[in-house]
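Just so it is clear: chains get the letters A, B, ... in the order the sequence lines come, proteins before strands, and each one is counted from 1. Computed from a predicted structure; not experimentally measured.
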Amino acid sequence: GEKVEQHQSTLSVREGDSAVINCTYTDTASSYFPWYKQEAGKSLHFVIDIRSNVDRKQSQRLTVLLDKKAKRFSLHITATQPEDSAIYFCAASKGPGSFNKLTFGAGTRLAVCP
Amino acid sequence: ETAVFQTPNYHVTQVGNEVSFNCKQTLGHDTMYWYKQDSKKLLKIMFSYNNKQLIVNETVPRRFSPQSSDKAHLNLRIKSVEPEDSAVYLCASSWTDQDTQYFGPGTRLLVL
């Protein structure tokens with residue numbers, strides 16, 4: 001089955017710097033890649049997603065890049081703020097017929113230091 | 001703003017007991033899910049329920065069973081809990097099985 005790996009368990013950046021969180025996946029049939037944020041003691045909050053028909057998607061300070069050849073996708077956060085500190089999860093699922101079965105990475109704990 | 005509601009927030013029980021968790025979504029979504037998040041924060045899909053069709057993750061033990069009265073509700077029952085069932089159980093919903101999933105606040109289960 002699909003495996004999604006997040007290669008950084010933790011990431012520390014200074015406030016105002018950029019942060020990049022990387023994920024890889026194994027199943028070439030995967031076509032939907034969402035990102036979720038989990039703050040301490042809270043549930044998952046959807047932040048941004050990308051589908052395989054594009055290779056880049058931006059929403060304000062967030063950009064997702066998708067490299068289908070390398071089976072890699074990444075979340076870029078610019079001008080980081082302390083409130084960006086959280087665990088970020090990437091996920092992948094296949095297209096129609098897969099019932100949106102999301103396979104999650106293990107999470108990257110982002111710390112934004114003042 | 002929460003639109004996927006879960007009860008209880010927290011539940012402590014003993015090995016062998018039966019527990020039931022509730023999930024309700026007010027988003028009008030057609031598809032609902034249950035996920036398990038363990039102590040290491042690892043997330044795994046347990047069930048998805050779409051138009052009365054249940055998709056089961058084959059790794060889920062038989063003591064777990066989802067129950068749905070309508071498309072806005074998907075409950076989770078665990079018969080005879082075991083220590084490894086201690087985790088946070090997260091409910092989610094989406095419009096269709098291809099859309100963004102929105103998560104509830106979770107139910108934390110502790111099995112003594």
Asks: Do you know the tightest heavy-atom contact between A:K101 and B:I45?
Replies: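 Minimum heavy-atom contact is CG-CG2, 3.7 Å.
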
Asks: Rounded at 0.5 Å granularity, tell me how far CZ in B:F103 sits from CZ in A:F46.
Replies: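 Here the interatomic distance stands at 11.0 Å.
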
Asks: According to a hydrophobic-cluster definition based on side-chain heavy atoms being under 4.5 Å apart (Ile, Leu, Val, Met, Phe, Trp, Tyr only), do A:F33 and A:I87 belong together?
Replies: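 Cluster IDs for A:F33 and A:I87 differ.
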
Asks: Under a single-linkage definition using a 4.5 Å side-chain heavy-atom cutoff for Ile, Leu, Val, Met, Phe, Trp and Tyr, are A:Y88 and A:I50 assigned to the same hydrophobic cluster?
Replies: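 Yes; tracing contacts between hydrophobic side chains, which count when under 4.5 Å, links both residues.
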
Asks: Please look at B:L43 and chain A and tell me whether the side chain, the backbone, both or neither of the residue comes under 4.5 angstrom of a heavy atom of that chain.
Replies: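 Backbone plus side chain of B:L43, per the 4.5 Å heavy-atom cut-off to chain A.
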
Asks: Going from CG on A:L102 to CD on B:Q101, what distance comes out if it is rounded to the nearest 0.5 angstrom?
Replies: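 A:L102 CG to B:Q101 CD: 4.0 Å, rounded to 0.5 Å.
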
Asks: Mind checking side-chain hydrogen bond (donor to acceptor under 3.5 Å, both in side chains) for A:H45 and listing every partner two or more places apart, or none if nothing turns up?
Replies: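 Expected list: none.
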
Asks: If you count the non-hydrogen atoms of other residues, nucleotides and ligands that lie under 6.0 Å from NZ in A:K68, is the total more than 12?
Replies: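 Enclosed: over 12 neighbouring heavy atoms sit under 6.0 Å from NZ of A:K68.
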
Asks: Answer with yes or no whether the hydrophobic clustering places A:I77 together with A:L11; edges join I, L, V, M, F, W, Y residues whose side-chain heavy atoms lie under 4.5 Å apart.
Replies: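 The answer is yes; both residues are in one hydrophobic cluster.
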
Asks: Could you give all pairs that pass the ring pair (Phe, Tyr, Trp, His ring centres under 6.0 Å) test and reach residues 75-94 of chain B, with sequence neighbours left out?
Replies: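 Residue pairs passing ring pair (Phe, Tyr, Trp, His ring centres under 6.0 Å), neighbours aside: B:F21-B:Y89.
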
Asks: Does B:L76 share a hydrophobic cluster with B:V15, counting links as ILVMFWY side-chain heavy atoms below 4.5 Å and allowing steps through other members?
Replies: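 Linked within one cluster.
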
Asks: Does B:V60 belong to the same Ile/Leu/Val/Met/Phe/Trp/Tyr cluster as B:L54, with side-chain heavy atoms less than 4.5 Å apart forming each link?
Replies: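 Both belong to a single hydrophobic cluster.
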
Asks: Out of curiosity, A:S43 OG to B:Q37 CD, how far, rounded to the nearest 0.5 Å?
Replies: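 Separation between the atoms: 8.0 Å.
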
Asks: Return all side-chain donor-acceptor pairs below 3.5 angstrom for residues 104-114 of chain A, not counting sequence neighbours, or 'none' if the list is empty.
Replies:
from   : atom 1 : to   : atom 2 : distance (Å)
A:T108 : OG1    : A:Q6 : NE2    : 2.9
A:T108 : OG1    : A:Q8 : O      : 2.6

Asks: Is any side-chain heavy atom of B:T100 less than 4.5 Å from a side-chain heavy atom of A:P34?
Replies: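 Contact flag for B:T100/A:P34 side chains = no.
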
Asks: Strictly less than 4.5 Å between heavy atoms, which residues of residues 54-66 of chain A line up against chain B? Please order them by number.
Replies: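 Residues in range: none.
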
